[in-house]
Amino acid sequence: MALKLNGQSTQSITLIDHFLWHEIIILFFGEGVKMKKYWKWLVLILVTIVVIVAGMIFYRRDSNGKPFKASLNHSKVMMTPDWYAKVTLTANKGTTYEVKNSKNKVIQGKSETKNGKAEIRLNDTGNYTVIAKSDNGHVSKKLPVKVNHYKAAPNKWTSSVGPLRFKITSVEYQKMKKSEANKPDNSGIDEAYKELNHHYYQVKVNYIVKNSSKKAVNPQYTIWMPEDDNGQEFSTETPSPDGGAVDTIIGTEAINPGNSRSGSVTMLSNHKFTVKHFKFSIEEVLGNEGNHIAKGGVAELK
């Protein structure tokens, strides 16, 4: 006599259990034909996985079977005073590379490394990607690098011209885009600024001028003009698009004996220029009434 549980007899439950166990036994231990079929598929899957993994490992190597490695010596770099930046690529022998800008445009086409090394020159600020590729072309690696504009804080004194001496506290180079926002706030530069190219070059120098004379030196009469390393004068009085300047001290009140004053000069040009050995050219050192204090000369940063 079979008991009933929730309307189902214990006999029917036992039959179901036997059927399930029968199928499980057949699946794992039963009928040889079925077992062989399952084992064939299992082996095939395992072999396929091994082949794929081995292929991926082998494919990601160079032609000599070595794992592909590529790196830059810097991910951030600053321009030099010569208006370019440089990074070094180190990779496997035979590696080639190209360089793209932030707009994904190729700016340096396919180039070869020498014994796995290359010095890459970048001529503008911005974000770049160096794409290094193995000699067999199987593997590539993207290496980002950011280039910032040149800044320096020499904090050095120039040579003296009469009683005047200048301490150069900071120098900043920038490639600029012509706009009202970027135009120096000085009406004396307006006409020259109109003639500048859409992109022009600017160097801003912050400095301290010291008057060691026993007399006041008047910047309304004493004019110091910056010069670049090629001897090009950047005039504050008659600026041109090839060399103009704006100075925050020129034209101000007298600098009393023994006193110093902080200021800056902004140099603008259509052409690249350098001030690694910054100079102020002074025609004559004059006092409050335009009276002579000392002869002129060149105050130079050595």
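Keep in mind it's a predicted model, so treat the numbers as computed, not measured.
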I'd like to know if the side chain of D228 and the backbone of N230 have a donor-acceptor N/O pair within less than 3.5 Å. yes
For K69, is there any backbone N or O sitting under 3.5 Å from a side-chain donor or acceptor partner on N92? yes
When you measure from the side chain of S140 to the backbone N and O of A132, does any donor-acceptor pair fall under 3.5 Å? no
With ILVMFWY side chains joined below 4.5 Å, transitively, what does Y193's cluster contain besides itself? M176, I189, L196, Y200, V246, L268
Spacing of OG belonging to S262 relative to CD1 belonging to I208, to within rounding of 0.5 Å: 4.5 Å
Are V106 and L122 connected in a single hydrophobic cluster, I mean Ile/Leu/Val/Met/Phe/Trp/Tyr linked by side-chain heavy atoms less than 4.5 Å apart? no
What one should report as the nearest heavy-atom pair of Y150 and M79 is CD1-O, 3.0 Å
First locate atom CD of E172, then atom OG1 of T266, and finally report the distance between them rounded to the nearest 0.5 Å. 9.5 Å
Does atom CD of E283 have more than 12 heavy-atom neighbours from other groups under 6.0 Å away? no
Does the pair M267 and Q202 meet the rule for a side-chain contact (heavy atoms from CB on, under 4.5 Å), with working shown? CA-CA 6 Å; M267 306 164 70; Q202 173 180 294; over 6 Å; no
Shortest non-hydrogen contact from V298 toward S159: O-OG, 3.5 Å
Apply side-chain contact (heavy atoms from CB on, under 4.5 Å) to residues R261 and E253 and explain how you reach the verdict. CA-CA 11 Å; R261 185 172 298 167; E253 69 274 9; 3.8 Å; yes
T158 OG1 to R165 CZ distance, which is reported to the nearest 0.5 Å: 6.5 Å
Answer yes or no: are there more than 12 heavy-atom neighbours, outside K279 itself, under 6.0 Å from its atom NZ? yes
Could you walk me through whether E284 and H292 pass the side-chain contact (heavy atoms from CB on, under 4.5 Å) check? CA-CA 7 Å; E284 187 179 4; H292 174 83; 2.6 Å; yes
Does either side chain, that of E300 or that of H277, offer a donor lying less than 3.5 Å from an acceptor on the other one? no
Tell me if a side-chain donor or acceptor on Q174 pairs with a main-chain N or O of K204 at a distance below 3.5 Å. no
S212 (side chain) donor-acceptor with P163 (main chain) under 3.5 angstrom: yes
Give the cluster check for F278 versus W83: same hydrophobic cluster or not, with ILVMFWY residues linked at side-chain heavy-atom distances below 4.5 Å. yes
Can you give me the closest heavy-atom contact between A70 and L143, atom names plus distance? O-CD2, 3.6 Å
Tightest non-hydrogen contact, residues K175 and H199, listed as CE-CB, 3.8 Å
Would you say the rings of F280 and Y207 are close, in the sense that their centroids are separated by under 6.0 Å? yes
Can you tell whether the side chains of K276 and D82 come within less than 4.0 Å, N to carboxylate O? yes
Transitive ILVMFWY side-chain link V285 to Y221, under 4.5 Å: no
In this structure, OH of Y84 is separated from CG of N123 (nearest 0.5 Å) by 9.5 Å
Spacing of E98 atom CD and I107 atom CD1 [to the nearest 0.5 Å]: 10.5 Å
Test S170 against N206 for side-chain hydrogen bond (donor to acceptor under 3.5 Å, both in side chains), laying out the working first. CA-CA 5 Å; S170 68; N206 291 308; 2.8 Å; yes
Between the side chain of T248 and the main-chain N/O of S264, is any donor-acceptor distance below 3.5 Å? yes
Measure from the side-chain N and O atoms of N211 to the backbone N and O of K215, and report whether any donor-acceptor pair falls under 3.5 Å. yes
side-chain contact (heavy atoms from CB on, under 4.5 Å) assessment of V203 paired with V171: CA-CA 7 Å; V203 174; V171 181; 3.8 Å; yes
Are V139 and V130 linked, directly or through intermediate hydrophobic residues, by side-chain heavy-atom contacts shorter than 4.5 Å (ILVMFWY only)? no
Return yes when atom CG of D185 has more than 12 non-hydrogen atoms of other residues, nucleotides or ligands closer than 6.0 Å, and no otherwise. no
Let me confirm one number: the CD-OG1 distance from E191 to T238, rounded to the nearest 0.5 Å. 13.5 Å
Please answer: with hydrophobic residues joined when any side-chain heavy atoms are less than 4.5 Å apart, are I120 and M78 in the same cluster? yes
What I want to check is whether the side chains of S134 and N136 have a donor and an acceptor closer together than 3.5 Å. yes
Taking all non-hydrogen atoms of both residues into account, name the closest pair between Y128 and T125 and its distance. OH-O, 3.5 Å
Compute the ring centroids of F234 and F273, then answer whether they are less than 6.0 Å apart. yes
For the backbone of L286 and the side chain of T222, can you confirm whether one donor and one acceptor N or O come within less than 3.5 Å of each other? yes
May I ask you to check whether over 12 heavy atoms, not counting those of K210, lie within 6.0 Å of atom NZ? no
Kindly say whether P81 contributes a backbone atom to a donor-acceptor pair with the side chain of T274 at under 3.5 angstrom? no
Do you know which two heavy atoms are closest between V209 and I249, and how far apart they sit? CG1-CD1, 3.8 Å
The criterion is side-chain contact (heavy atoms from CB on, under 4.5 Å); which residues satisfy it with E119, sequence neighbours excluded? K86, T88
